[in-house]
Amino acid sequence: MATETKTNGVGLKLSRKDFQSDQTVRWCPGCGDYSILAGVQKVLPELGLPREKYVFVGGIGCAARFPYYMNTYGFHTIHGRAPAFATGIKVVNPELSVWVITGDGDALSIGGNHLIHAMRRNIGINILLFNNRVYGLTKGQYSPTSQVGTKTKSSPVGSIDYPLHPISLAIGAECTFIARTVDRDQKHMAKILEMAARHEGTSFVEILQNCIVFNDGAWHQYTEKGLKEQNVLYLEEGQPLVYGSEDDRRGILINDFKSEIVSADSPGIAVHREDDEDGAYAHLLSRIEVNGGPMPIGIFRNFQRPPYEAMLEDQVTAAQLQKKMSVDDLLHSGDTWEHK
Amino acid sequence: MATETKTNGVGLKLSRKDFQSDQTVRWCPGCGDYSILAGVQKVLPELGLPREKYVFVGGIGCAARFPYYMNTYGFHTIHGRAPAFATGIKVVNPELSVWVITGDGDALSIGGNHLIHAMRRNIGINILLFNNRVYGLTKGQYSPTSQVGTKTKSSPVGSIDYPLHPISLAIGAECTFIARTVDRDQKHMAKILEMAARHEGTSFVEILQNCIVFNDGAWHQYTEKGLKEQNVLYLEEGQPLVYGSEDDRRGILINDFKSEIVSADSPGIAVHREDDEDGAYAHLLSRIEVNGGPMPIGIFRNFQRPPYEAMLEDQVTAAQLQKKMSVDDLLHSGDTWEHK
Amino acid sequence: MEKMDDNSSNGSPEKEVVEVESVTIRFAGDSGDGMQLTGDRFTSASALAGNDLRTFPDFPAEIRAPIGTLAGVSAFQINFSSEDIHTPGDALDALVAMNPAAFKANIGDLKRGGILIVNTDNFTEKNFQKAEIDSNPLDDEKLRGNYQVFEVNVTDLTRRALEDMDLQSNLADRCKNFFALGLMYWMYTRPMEPTKEWIKQKFGNRSEIVEANTRAMEAGYHFGENTEAMASHYIVPEATYPAGTYRSISGNVAVAYGFIAAARKLGLTLFWGAYPITPASDVLHELSRYKNFGVRTFQAEDEIAAVSSAIGASYAGALGVTCSSGPGIALKGEAIGLAVMTEIPLVVLNVQRAGPSTGMPTKTEQSDLLMSMYGRNGESPVPILAASTPSDCYDVAIEASRIAVKYMTPVMLLSDGYLANGSEPWLIPAEADIPEMKAVFREDPEGFMPYDRDPETLSRPWTIPGTPGLQHRIGGIEKQDGSGNISYEPENHDHMVRLRAEKVAGIAKDIPPVEVMGEDSGKVLVVGWGGTFGAIAAAVEALQARGASVSQVHLRYLNPFPANFEEVMRKFDKVLVPELNLGQLVKVIRSEYVIDAISYSKVQGKPFMVSEHITKIEELL
Amino acid sequence: MEKMDDNSSNGSPEKEVVEVESVTIRFAGDSGDGMQLTGDRFTSASALAGNDLRTFPDFPAEIRAPIGTLAGVSAFQINFSSEDIHTPGDALDALVAMNPAAFKANIGDLKRGGILIVNTDNFTEKNFQKAEIDSNPLDDEKLRGNYQVFEVNVTDLTRRALEDMDLQSNLADRCKNFFALGLMYWMYTRPMEPTKEWIKQKFGNRSEIVEANTRAMEAGYHFGENTEAMASHYIVPEATYPAGTYRSISGNVAVAYGFIAAARKLGLTLFWGAYPITPASDVLHELSRYKNFGVRTFQAEDEIAAVSSAIGASYAGALGVTCSSGPGIALKGEAIGLAVMTEIPLVVLNVQRAGPSTGMPTKTEQSDLLMSMYGRNGESPVPILAASTPSDCYDVAIEASRIAVKYMTPVMLLSDGYLANGSEPWLIPAEADIPEMKAVFREDPEGFMPYDRDPETLSRPWTIPGTPGLQHRIGGIEKQDGSGNISYEPENHDHMVRLRAEKVAGIAKDIPPVEVMGEDSGKVLVVGWGGTFGAIAAAVEALQARGASVSQVHLRYLNPFPANFEEVMRKFDKVLVPELNLGQLVKVIRSEYVIDAISYSKVQGKPFMVSEHITKIEELL
Ligand SMILES: Cc1ncc(C[n+]2csc(CCOP(=O)(O)OP(=O)(O)O)c2C)c(N)n1
Ligand SMILES: Cc1ncc(C[n+]2csc(CCOP(=O)(O)OP(=O)(O)O)c2C)c(N)n1
Ligand code: SF4
Ligand code: SF4
Ligand SMILES: [Mg+2]
Ligand SMILES: [Mg+2]
């Protein structure tokens, strides 16, 4: 990957503004999507690639309109299929930095299959899932991440579908980079987005996002001052799993595949490691919040294996070296005969 | 569920033959599907339900033709969607015992999304995935469970897609009953199928199946005499994870989310437990074979939570008790006015 | 006219009341301004006042587009009358524009001499910019020449009315739509009482909101009464209606009721497999409230799962329905083909929107007819029905269910965004009026064959799992007629392909002939389908009243066509087919009958105006 | 004729050689009997012998249906001739039936007096049962009256020929198809050498197989030579061919080559997004072997991902193609609509099979034309092309690519199971013959607008990610012409809908006019499309030779139609449209031109016979 920012060969340092498109942003005032947009626009200049090397691909949903607002290449596609479009783009031009922007409905409801297949192939794209636990664009039905009992227009007496947990699913699909961050925490988001962008292979970031209109406060415990200090567990490579306010520090003890919340100064607090190729540890982490514990944010898992497009390029290059052919050679391959 | 077998009110004990339909079985001679058919036909009479209460739903593929051969209700649907058809059937009539028969392509390629959604909803169906690591019916392309480097008609220099591992994925999708068995081991299969049938909620069984024509020997290590003794790890509730031939017994030691193969008499061999609601342990089990260890067969995970259809029935019943309405009441609901 | 403020309006309310036959008004403002609610209330008041009426809500695709922009304009139009009417009206008699963007987007539809009410508080430089307007349009003298302009400082007046209530200003401002509503109530002489009642019921537990909204409405009303600027107001007398109990009904609610009614009549559970999509989601929302009718709504993971689950449900003995809009329907083709092959009852409801692709999701169109006919691989004929008015959605839902069950076939049912959200008064039918229909499950094992056929309908027996002794297997591979066994036999396939076509074609014997509205021969026959009914009818009636030789046929059944359709068309010199697409029905008519029918096509995401039809028909006369 | 065994055949090979113009033979046996391979070799030998030829492989849907059953019969038909021919032949001159099921399924197609060779070793009681035959049909005297019956104990003779080789009997038995092949080589005077060569190459590393197959073939040949029962054999002289190098080509290989050639010519990477499905998978297989041409095949998780990845690939600057068959194509409609809206080049190849639903996967049909036209929501016109012969698949693949890239549009390309698997000799074209075409990527930022249009083609610029300064955004929501910005403006939508239609309609100016084969006016014009070409041509030529007033037009372009098509049709009294569906093209012709074209429809999963066309045309003359 080029590390210097070039446009038409002229080196120049880009800023956040350079990544803003001329389109009016059409999310509801106060929507969490705004902060994520700002976060992405702030991180890209740090990555050293010129604007034309970025492609943002959206499915359908409020989140998925994101590409319109980026001064990069942008493709607003159809519902749920963005990872498949992105795969075609990346395979044809591996030099592009390809980002999929998707919502919990787009990615996990109609698009679940493309998501897991992109992950298992380890195609080199960055997938940002804006999880607001609701269908925003269609005005507020429950989504595959809504908790049981959620009352919406389509579930007036409460939903009965157990939710999917995006991180658990990503582990099941063997994604090589899996992280979570929060719309309201710009600093954390910046760090995670940068790591995601630099990862080779599929990187997947769940971003907890507030839909102010249809599901306001879904993540308040993890975003509001006074609450988040108690409820967010920051995952840091090599650091113990501790969290909580100054006067009530707690830690996670892991024993026999169960996690337990203890006082932070208890012995044996687990130490975080991202390089969990087997995924059992990361999986356990993904259940902590489900079981009523704190919300882990940060990188759950990060390991390397050759991405799909690189292996494909290798095969193509090898074939081209091995057997050069013209179209005439091709047409004449196999049995031929002459008529005079 | 009724425990006595009744047809038209007449109690009678059914046998394997009663579950054989009049259709000629059209799998290739020697196909592993035959043994699975036999296995299912042998288990059903044990379950105490009359034939008419069973519905077998297939997608498309060699495996998915299974319903034709069962003297029950059968629906051979379209590629990948069988879990969705089955969901409609079960919701409408929860008394039916609904079985989805699917292949690795049908379930995990085109049908991956319906599979994980059935699982997360915990809809009360039994899903049998015949995994032969190949597309049989379309004559031998690699499938989502084929290993990297598999040479097939569509991957002449070897496939580059990392496989999905059905059990890992099922854990990620929070399936409540997850097991694996083998086409060639009738006794084991019978036990697993019976447990699956009796489970409330989604039960998922991966069956290692030999495609004699396009992928012969894919599982020979786990099915052939002399090999299977060394390579199969039987999972038994409360029993240590040990395997291997008499003279070379080995065990699985689990430490800090990594499994290690040690001599069977080493201290600290892990003890199997099915009730792993968090799934991290089961997930680790699902990686043992991926990492070159033995193939675990048996029940990976088995826990209870109310199935989708039961919760729906509860809501319907509550609503009906709460507010009886005629169509006339309905039409007159809301603002009305009179004209004389 | 002078700029007014409320101090100037102390005059006595001795105002002229002008009686008029029909009025069309539109409330327009920002998405956040509550125009849809305002419109709904005005509709309800007009219904109670005994007028015939039609409405046309029109809102943006964004949840909340940026405030003040053109993209954010939301509008609600209502036509109310003392006579029978068919449409929400063409040109406006009155327009309420809450901000410059609403003004700009809608002023073009106001009649010359029509009433324009603007909220001047929003006519600021900043808002002109957002609306992409160069200078204050109210300063333009021509405006005053063309319209009766009333500049009202609505925001300010509302605030003042609530001054002593100690509300957050934000909350006070959110009441300004009630001020506008009150003003229009005065303008058209509607009582405020029912709306007061409604406010109480709706916001009952938040008494300050009840009071604020009520007061704002009263302030608007009294403003009209008192301001000298408004010299006269209007009254639209009661329409003469067939006697009975009425309600207002929108297409999406009507269709939901229709399926509940059909399922009841058939004695079946209604299973609704759907994935949300504009403008179809509201049917799912509506039905999810009726678990007390045993309705099972299943919010599926996608449209394919939705249709598949519905087919599974029908297979198991329910009335399986799936509902979506264009892009979602496109995804269902393969599964519908399976229902054709396995001959399972299913209704596929398509609430059409403007395409192609994502298109314009909140705008109406009729461009999925040919997809309904042909959007599946192989020869896979299905009956197609379309609703023509909001309340007709109720009837076609019942009829589609009847056909699906009787003929063991998937049925495509077409509605559209205009019908879905529009509303009209409805003489409430009785449950007893539902046409006779029944669902029969085969239970007798004697001589049972899954593809045995009823000689009259060519339908196969519906045999559901759980029935002792009738175990059998079906699927999407071609099957032997009778036994239903898999068959690759060439002659059998040919037979089955033709048989499935014949079964659907045979439904023509079971549906009413087309009815000609007007003379049954003449110069021009206008053939329509779907939501264009009202505008065509209004145009044809108007021309007939002037003695023109024009008649109308409106099709409910698009496949098969009613048996007398060709004969009816051949009695006219010209056949005109107006459609909100590039001419889809006209293609089918031309190919079916080799009649040189003429297409009249409009693809603007909005309905035809009556005047457009009149002009077009006159061209042909 | 007496039952023979090999001892009886010591006579000298002084046999009569009869020269004939054309011969049609069919090899039929169990799926496991290697009939397809046998047919392929016979084809190759006949090609080398200089005959014109056409083939028709016909195999069951099951991988290996139960041995000996009717469902398991696999057949390969070849017509070879010293004259130009167009089809694999109607009735058979010779039938090789390796077992009773093959006999039963195929005997009906043998000409009276034709040669029937049966492998008596398989005519056992058990096999009669499996084939659902009551008694040994060879005992039926009528058989001998109708056909020249040769009963050959093929299995036994093959075993004996390999006796001394010490093979597993199972392996010896698997050589019996080579015995049959050898016998037919003798019968039709074909040299064995090329097949021997082929055997060596194919099984080179397993010398015992090489020897066994070679010996079996020779045994069959010598059996023919020596047995007295066979008194004469046949020779089909060389056809006169345009000079050049030839090869045999099937439709699926030709289409793969065509796309490779087009991508080369355009200077683009070929991206192939596909999910396996019969009968389209072989194109994927073929292309996956050409990574040396830079071809990227992507075996997607489903058809929707396949088309989506191909659109993504084209967006990024490749030639994106997706390929499937009926049910898979049905799933792609929504995504194709996006390509229509975003105006991105894409080719969608549909290798049609018998429908609806799963239908009969290995059988041919032409029933997806209307789905190709209309299987998407909204007004979403796309050009449609169809191949007419196996080798024509090469040319249409190139032409479809040209149109997709030049007009920035998805193109539907129709092939079918018959073309896909059938083969014919092909005068190998040169790379230099590929028509001129180019792909231009917009690079100049000056005045760039993503929906700016070329005034001639109405095409927008192809602007790929990575191009500095041209960052822009596209999507499936309606867009303003020029800027490409989202627009819900009514007039713009109307304009864009019509513009997209006009763009596609305008392609008519860029394609050749239809060519009339025969007189350009007269009584009957037969209009065909797709794989029916050969049979129609043969019928029309035969009737023309008899002086009948009939001509033929075969359409490559189904949307838009060539500009002169209507004019051409109007010069004939009657227009007959034969199709392997219920009449799909005829619907389009009737609606487009209001011409009362007549449908001739056959839906049996198999091609028309020449004689069927002749009979039908004669009815109209
Ligand atoms: C094929 C199809 N089905 C359904 C829709 C309607 N639809 C648009 S966005 C959406 C869900 C959006 O939810 P999510 O992905 O969570 O995004 P959010 O709006 O919450 O950001 C749905 C159901 C569609 N556009 N296309
Ligand atoms: C929509 C659709 N796409 C593709 C196919 C072709 N197809 C049939 S079965 C199959 C895969 C079968 O593989 P698997 O599920 O592993 O079953 P197996 O045959 O190996 O038992 C495919 C791709 C189809 N029938 N329908
Ligand atoms: S609906 Fe929710 S997610 Fe969508 S823009 Fe508004 S606040 Fe954001
Ligand atoms: S192809 Fe393979 S999976 Fe299919 S029937 Fe034959 S052996 Fe079994
Ligand atoms: Mg969401
Ligand atoms: Mg398989």
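Just so it is clear, the values below take in all heavy atoms, side chains as well, and ignore hydrogens, waters and symmetry mates.
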Should B/R121 and B/E309 count as an ion pair when the cut-off is N to O under 4.0 Å? no
Please classify the contact of C/L470 with chain B as side chain, backbone, both or neither, using a heavy-atom distance under 4.5 Å. both
Quick check on B/R120 against chain C: is it the side chain, the backbone, both or neither that has a heavy atom closer than 4.5 Å? neither
With a 4.5 angstrom heavy-atom cut-off, which part of C/I344 approaches chain B: side chain, backbone, both or neither? side chain
Is chain C contacted by the side chain of B/S333, its backbone, both, or neither, given a heavy-atom distance below 4.5 Å? both
For C/F298, which atoms come within 4.5 Å of any heavy atom of chain B: side chain, backbone, both, or neither? both
Between the side chains of C/S423 and C/T55, does any donor sit under 3.5 Å from an acceptor? yes
Stacked cation flag C/R296 on C/W272, 6.0 angstrom / 45 deg: no
Give, as side chain, backbone, both or neither, the part of C/T342 having an atom under 4.5 angstrom from any heavy atom of chain B. side chain
Of all of B/M70, B/H114, B/K324, B/H79, which one pairs up most often with chain C through heavy atoms under 4.5 Å apart? B/H114
Does any heavy atom of chain B fall under 4.5 Å from the side chain of C/T467, the backbone, both, or neither of them? both
Is chain C contacted by the side chain of B/D335, its backbone, both, or neither, given a heavy-atom distance below 4.5 Å? both
In C/Y394, C/Y241, C/Y257, the residue satisfying ring-ring contact (aromatic ring centres under 6.0 Å, His included) with C/W426 is C/Y394
Could you check whether the rings of B/W99 and B/F56 sit parallel, tilted or perpendicular, using 30° and 60° as the cut-offs? parallel
For chain C, find which of B/T317, B/N71, B/V98 contributes the most heavy-atom pairs closer than 4.5 angstrom. B/N71
Angle class for the C/Y246/B/W337 ring planes (parallel below 30°, perpendicular above 60°, tilted otherwise)? parallel
Assert top hit (heavy-atom pairs under 4.5 Å, partner chain C, pool B/P67, B/A84, B/G74) equals B/G74
Counting heavy-atom pairs under 4.5 angstrom with chain C, the leader among B/N93, B/L330, B/T87, B/D328 is B/L330
Selection from C/S314, C/S308, C/G320 maximising heavy-atom pairs under 4.5 Å formed with chain B: C/S308
Max heavy-atom pairs within cutoff under 4.5 Å with chain B, candidates C/L48, C/V295, C/I304, C/T463, goes to C/I304
Choice from B/D22, B/I116, B/T72, B/V55 maximising heavy atom contacts with chain C below 4.5 Å: B/T72
Contacting region of B/Y54 [heavy-atom separation from chain C under 4.5 Å]: neither
Between C/P429 and chain B, with a heavy-atom cut-off of 4.5 Å, which part of the residue counts as in contact: side chain, backbone, both or neither? both
Lys NZ or Arg CZ of C/R473 over B/Y68 ring: under 6.0 Å, within 45°: no
For C/L338, is it the side chain, the backbone, both, or neither that has a heavy atom closer than 4.5 Å to a heavy atom of chain B? side chain
Do the rings of B/F75 and C/Y315 sit parallel, tilted or perpendicular, given the 30° and 60° boundaries? tilted
For C/S81 and C/N51, which I'm curious about, is there any donor-acceptor pair between the side chains at under 3.5 Å? no
Given that the side chain runs from C-beta out, which part of B/Q322 has a heavy atom under 4.5 Å from chain C: side chain, backbone, both or neither? neither
Under 4.5 Å from any heavy atom of chain B, what part of C/T297 do you find: side chain, backbone, both or neither? backbone
Please check if any side-chain donor atom of B/Q23 sits under 3.5 Å from a side-chain acceptor atom of C/N485, or the reverse. yes
Specify which of B/H76, B/H339, B/K340 makes the most heavy-atom pairs with chain C at under 4.5 Å. B/H339
Can you name the nearest heavy-atom pair linking B/A197 to B/L47, along with the distance? CB-CD1, 3.5 Å
State, without any angle test, whether B/N113 and B/R81 hold a side-chain donor-acceptor pair at a distance under 3.5 Å. no
Looking at C/R264 and C/E431, is there a salt bridge between them, counting it only when a charged N and a carboxylate O are closer than 4.0 Å? no
Could you tell me which portion of C/A310 (side chain, backbone, both or neither) has an atom closer than 4.5 angstrom to a non-hydrogen atom of chain B? neither
Do you know which of C/I260, C/T269, C/I477 has the most heavy-atom pairs with chain B at a distance under 4.5 angstrom? C/I477
State whether a side-chain donor-acceptor pair under 3.5 Å links C/K332 with C/T322. yes
Sort out for me which of C/S44, C/S248, C/A313, C/A261 touches chain B most, counting heavy-atom pairs under 4.5 Å. C/A313
With a 4.5 angstrom heavy-atom cut-off, which part of B/V92 approaches chain C: side chain, backbone, both or neither? side chain
For the pair C/K291 and B/E313, evaluate salt bridge (Lys or Arg N to Asp or Glu O under 4.0 Å) and give the outcome as yes or no after the intermediate values. CA-CA 9 Å; C/K291 294 209 167 56; B/E313 283 312 298; over 6 Å; no
Taking the side chain as every heavy atom from C-beta outward, state whether B/I127 and B/T102 have any atom pair closer than 4.5 Å. yes
Quick one: what part of B/V91 sits under 4.5 Å from any heavy atom of chain C, side chain, backbone, both or neither? both
Does any heavy atom of chain C fall under 4.5 Å from the side chain of B/K323, the backbone, both, or neither of them? both
